[in-house]
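Naming convention: chains lettered A, B, ... in sequence-line order (proteins, then strands); numbering from 1 in each chain.
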Amino acid sequence: MKNFLADLNNDQRQAVEALQGPVMVIAGAGSGKTRVLTYRVAHLLHQGADAFSILALTFTNKAAREMRERIFKLVGKEAGNVWMGTFHSVFARVLRVEGPRLGYPSNFTIYDTDDSRRLIKSLVSELHLDPKLYAPAVVHGRISSAKSNLVSAAEYNENPEFTGPDKQFNRPELGRLYTMYQMRLFKSQAMDFDDLLFNMNVLLRDFPEVLHKYQQRFQYIMVDEYQDTNFAQYLIIKKLAAKNENICVVGDDAQSIYAFRGANIQNILNFKKDYPDYRLFKLEQNYRSTQVIVEAANSIIAQNKDQIQKKVWTSNEEGSKISVLKGANENEEGLLVARHLFEQKMQYQLPNNYFAILYRTNAQSRAMEEALRKLNIPYRIFGGLSFYRRKEIKDLVAYFRLCINNYDEDALRRIINYPTRGIGDTTLEKAIVRAGELNQPLWDILSNPVSAGLELRSNVMNQISNFTTMIKSFTVQVNRLNAYDLARQITMSSGILRDLKEDQTPEGVSRVENIDELLNAVRDFTESDTTPTGVETEEGKARTLDVFLQDIVLLTDADEKEDENQPGDKVSLMTIHAAKGLEFQNVYIVGLEENLFPSFLSLNSRSELEEERRLFYVALTRAEKKAVLSFAEMRYKYGTPSWNEPSRFISEIDEKYLDVPRKKQIPQTSLKSLHGFDSPEIRKTLGGNTPELPVGLQRREKQTLKKIPLPGAHPPPSSQSATGPTANPDEIQPGMVVEHERFGIGEVTQVDGTGANKKATVKFESVGSKQLLLKFAKLRIV
DNA sequence: GGAGGCCTCGGAAGG
DNA sequence: CGAGGCCTCC
């Protein structure tokens with residue numbers, strides 16, 4: 001057996017070997033975080049742990065897949081039995097089993113964000129509310145935020161803390177919308193993404209036998225990117241881990257960039273409060289980047305107040321300094337970047353895929369694309385519309401959904417008249433009203449229109465009957481045919497393909513190709529032994545369409561393979577958010593201007609500004625060898641020109657890491673001339689700068705959303721543990737009286753192990769007996 | 001039901 | 001400026 005622990009440095013190995021008890025690993029950028037997680041799982045398996053008792057949670061399918069592959073390389077096929085996946089996929093899997101306790105069938109449908117918004121839009125219209133005030137995205141955001149904080153619709157409506165701001169913003173019906181939204185989801189036998197976490201919490205809260213069962217099953221729990229967890233996720237982990245407390249969370253507070261979508265950095269800062277006898281490991285050696293990049297990144301992040309102290313360092317080469325490019329406008333910036341990239345590529349003979357261009361907002365990609373095209377440099381943009389969110393795919397998938405779950409109202413409404421079959425808005429409207437009056441699902445009304453008292457012309461009645469009969473004929477096949485055969489049958493008989501083929505434009509042809517691509521994916525699934533998200537299908541379990549469908553809603557564009565029509569060696573273009581977790585030899589961070597990066601929306605609060613700074617930290621630490629920063633003196637924003645100073649983040653980097661003395665490259669004179677140019681007169685003639693009022697309104701909305709308090713919320717973080725004079729581990733002997741910074745005075749009753757593994761059993765006056773690893777316990781001999 | 005004109009609005013994005 | 005939603009008109 002290969003001693004794979006030898007592949008690890010000292011800190012990594014300790015984190016891997018600390019299998020029992022609560023463990024927090026603070027992993028600096030590029031410090032081998034994934035390595036620790038994967039080796040930990042491998043080590044657990046080598047130590048005899050049952051693969052089925054290990055739960056490893058990630059935020060993206062990609063991270064889960066990569067981890068699984070790496071564990072497979074270390075331990076072989078046993079890796080397939082580890083519960084490994086995203087929060088959503090793992091708990092969806094549990095809810096397929098336990099959902100009936102909450103009244104959901106095990107084949108419940110999962111609504112994605114688009115489905116949820118469509119439902120809200122329809123509710124707003126049914127209630128005759130102002131669609132501008134109750135924009136689906138706003139309403140959904142508020143509901144989502146409540147659910148992420150485990151606030152139910154009933155609690156929401158009772159609590160003025162939520163309803164107050166709604167009234168204030170002229171949206172008094174928001175609570176009612178939340179209630180109705182949940183009712184409609186339930187009637188559709190559907191959960192949205194937030195429900196997967198919310199309902200998992202309900203299960204663990206209300207069903208002690210379920211709690212017990214999964215506490216028993218998941219003996220070892222690991223969580224990646226812990227700094228990104230929200231309250232609902234935090235509480236699930238805490239409950240599941242409560243019995244064994246074999247919980248290991250890995251993260252980096254310096255890379256927390258998702259507070260805006262509910263991530264709560266307090267979860268990482270307060271781990272020590274939840275698990276007072278936790279062990280903390282810091283991975284501080286960076287293996288990715290040059291000294292210049294590591295040190296420059298350190299000098300940036302040092303400006304933040306909220307952080308866990310650590311010193312990231314590297315033994316890599318010093319490397320070349322960070323270049324700064326200045327363009328007169330965004331197009332010139334693009335050209336300078338493209339030229340610089342081209343020169344690097346030629347000088348060092350590098351492939352295109354060694355380069356990435358990172359930006360703050362998607363809109364910045366255009367200038368970069370144009371410049372790259374001019375120089376014939378191939379590129380790939382990440383972060384477009386995901387395959388499964390395209391209209392033609394959602395339409396066909398809606399057929400699949402409706403066949404599997406006849407009560408899926410969103411799917412029903414989406415396809416009842418697509419392709420056109422004479423069941424128009426008026427008819428649908430009547431049926432919906434009737435469904436409301438009888439409090440019955442829309443599907444039941446349409447299945448029995450006569451007994452429901454629907455009065456329609458006979459040919460419309462016929463069309464409805466044809467439609468429901470067709471769907472039912474598919475439904476009975478779900479368990480008889482394999483996924484591919486049924487999917488093909490639906491595609492052919494529904495008329496979708498015929499409809500799409502009528503459109504001979506390039507877009508139309510591409511839509512037909514996409515349908516083919518979806519069918520290929522179904523065939524792959526039918527013939528393979530894993531689901532689309534990579535979970536192994538159970539032995540002997542049929543590859544039916546419902547199993548396929550359960551999975552694909554959890555996929556995103558990040559899970560898609562490269563365009564097969566245009567494979568090859570390309571420069572990567574993406575937002576910094578999308579670049580998290582990736583690395584490139586050469587990284588360009590563009591658009592480094594005040595009001596863009598940091599975003600003007602972040603400038604009013606320290607915490608938001610600090611998140612922008614962490615974002616810049618993430619961007620810089622993606623680079624292995626060379627980082628280049630660029631900015632434009634002027635760029636068009638919404639069609640009007642705007643002038644901004646170079647970003648503060650450039651000047652926050654210690655000058656010695658920049659390859660041009662900053663005084664020359666971004667000289668004060670330049671700033672002055674910028675100011676001179678940006679005179680009120682000029683702004684006036686050019687039609688002003690950015691709009692002000694809508695921005696202000698937006699900001700306030702966001703802040704009230706964030707005000708939703710967390711039930712059982714954490715107190716604010718405390719400072720790091722003090723480092724007083726501590727005893728050498730060798731001195732500790734049984735019988736000694738020692739003092740621990742947190743547990744107080746106690747007597748050493750036993751000492752085991754040697755070296756780094758040496759631990760003492762101490763009987764404390766206040767908290768009783770504790771086992772402490774002496775390397776970390778910081779005991780003072782009294 | 002679809003084409004075309006008009007209006008509005010603009011952050012980052014996992015599942 | 002440009003994308004997307006909505007309305008109108010055929």
Side-chain angles (χ1 to χ4, degrees), chain A residues 57-64 85-92 110-117 121 125 131-132 135-137 141 144 148 191-197 224-225 228-230 232-233 257-263 330 358-364 366-367 382-386 388-389 391 417-422 424-425 499 503 532-533 550-559 574-581 591 595-603 608 611-612 614-616 618-619 635-642 687 690-691 693-695 697-699 701-702:
Chain A
L57 296 168
T58 62
F59 272 80
T60 64
N61 293 304
K62 198 168 160 229
T86 62
F87 279 86
H88 293 84
S89 73
V90 166
F91 299 129
I110 299 172
Y111 276 16
D112 69 17
T113 310
D114 295 335
D115 304 331
S116 299
R117 288 184 185 171
K121 197 173 162 191
S125 135
K132 290 216 177 65
S144 173
S148 305
M191 297 191 201
D192 68 11
F193 287 140
D194 300 309
D195 285 334
L196 296 175
L197 305 176
D224 191 15
E225 307 279 13
D228 289 339
T229 47
N230 63 28
Q233 291 162 326
I257 55 173
Y258 284 113
F260 72 90
R261 69 173 190 214
E330 72 226 278
L358 309 181
Y359 34 79
R360 179 67 181 81
T361 68
N362 282 307
Q364 291 167 254
R366 190 198 48 83
F382 290 77
L385 193 58
S386 137
Y388 286 100
R389 289 179 66 184
K391 184 184 177 299
N417 202 31
Y418 178 76
T420 324
R421 48 174 73 85
D425 288 345
D499 184 78
D503 183 356
T533 52
Q550 284 166 12
D551 234 43
I552 56 167
V553 67
L554 301 172
L555 294 175
T556 62
D557 61 329
D559 299 313
M574 64 185 90
T575 63
I576 300 163
H577 283 90
K580 189 169 172 209
N595 297 315
L596 179 60
F597 194 17
S599 161
F600 65 107
L601 292 160
S602 74
L603 297 179
E608 282 190 79
E611 180 149 318
E612 296 283 308
R614 292 193 295 270
L615 193 57
F616 184 59
V618 167
R635 80 171 59 234
Y636 281 92
K637 202 174 186 185
Y638 310 146
T640 52
S642 70
T690 50
L693 187 62
V695 170
L697 288 170
Q698 283 281 331
R699 282 201 51 77
E701 280 171 12
K702 263 188 125 169

Candidates [options] - which lies nearest the side chain of [X]:
X: A:R261; options: B:dA12, B:dA13, C:dC6; answer: B:dA13
X: A:R360; options: C:dC1, B:dA12, B:dA13; answer: B:dA12
X: A:A578; options: B:dA13, B:dG15, B:dA12; answer: B:dA13

Any side-chain N or O of [X] less than 4.0 Å from the OP1 or OP2 oxygen of [N]?
X: A:N230; N: B:dG14; answer: no
X: A:N61; N: B:dG14; answer: no
X: A:K121; N: C:dC6; answer: yes

Assign [X] to base, sugar-phosphate, or nothing according to its heavy-atom contacts below 4.0 angstrom with the strands shown.
X: A:F193; answer: base
X: A:Q233; answer: nothing
X: A:D112; answer: nothing
X: A:T575; answer: sugar-phosphate
X: A:N417; answer: sugar-phosphate
X: A:K580; answer: nothing
X: A:T113; answer: base
X: A:D194; answer: base

Ranking A:R421 and A:S144 by the position along DNA chain B of their nearest nucleotide, the one closer to 5' is A:R421

Closest nucleotide of DNA chain B for A:N362 versus for A:L554: which of these residues is on the 5' side?
-> A:N362

Separation of [N] [atom2] from [X] [atom1] (nearest whole Å):
X: A:Y638; N: B:dC9; atom1: OH; atom2: P; value: 12 Å
X: A:R366; N: C:dA3; atom1: CZ; atom2: C1'; value: 14 Å
X: A:L57; N: B:dG15; atom1: CG; atom2: P; value: 13 Å
X: A:E611; N: B:dA13; atom1: CD; atom2: P; value: 13 Å
X: A:D114; N: C:dG5; atom1: CG; atom2: P; value: 10 Å
X: A:K132; N: C:dC6; atom1: NZ; atom2: P; value: 9 Å
X: A:R389; N: B:dG14; atom1: CZ; atom2: P; value: 9 Å
X: A:Y418; N: B:dG2; atom1: OH; atom2: P; value: 9 Å

Do the side chain of A:T60 and the base of B:dG15 come within less than 3.5 angstrom through a donor-acceptor pair of N or O atoms?
-> no

Chi angles and distances behind the side chain to side chain contact (heavy atoms under 4.5 Å, CB included) call for A:R360, A:S599 = CA-CA 8 Å; A:R360 179 67 181 81; A:S599 161; 4.2 Å; yes

Can A:D499 and A:Y418 be counted as having a side-chain donor-acceptor contact under 3.5 angstrom?
-> yes

Which value, in whole Å, describes the distance between the P atoms of nucleotides B:dA13 and C:dG4?
-> 15 Å

For A:F260 and B:dA12, say yes or no: do the ring centres fall under 5.5 Å of each other while the ring planes differ by less than 30°?
-> yes

Is A:Y258 stacked on the base of B:dA12 when the test is centres under 5.5 angstrom and planes under 30 degrees?
-> no

Is it possible for you to check whether A:K580 lies under 6.0 Å from the centre of the six-membered ring of A:Y258, through NZ or CZ, and within 45° of that ring's axis?
-> no

Residue pair A:P641 / A:Y636: nearest heavy atoms and the distance that separates them = N-CD2, 3.7 Å

Determine the minimum heavy-atom distance between A:D112 and A:D115, stating which atoms define it.
-> OD1-N, 2.9 Å

Going by an N to O cut-off under 4.0 Å, is there a salt bridge joining A:R389 and A:D114?
-> yes

Apply side chain to side chain contact (heavy atoms under 4.5 Å, CB included) to A:I576 and A:F597, showing your working.
-> CA-CA 11 Å; A:I576 300 163; A:F597 194 17; 3.4 Å; yes

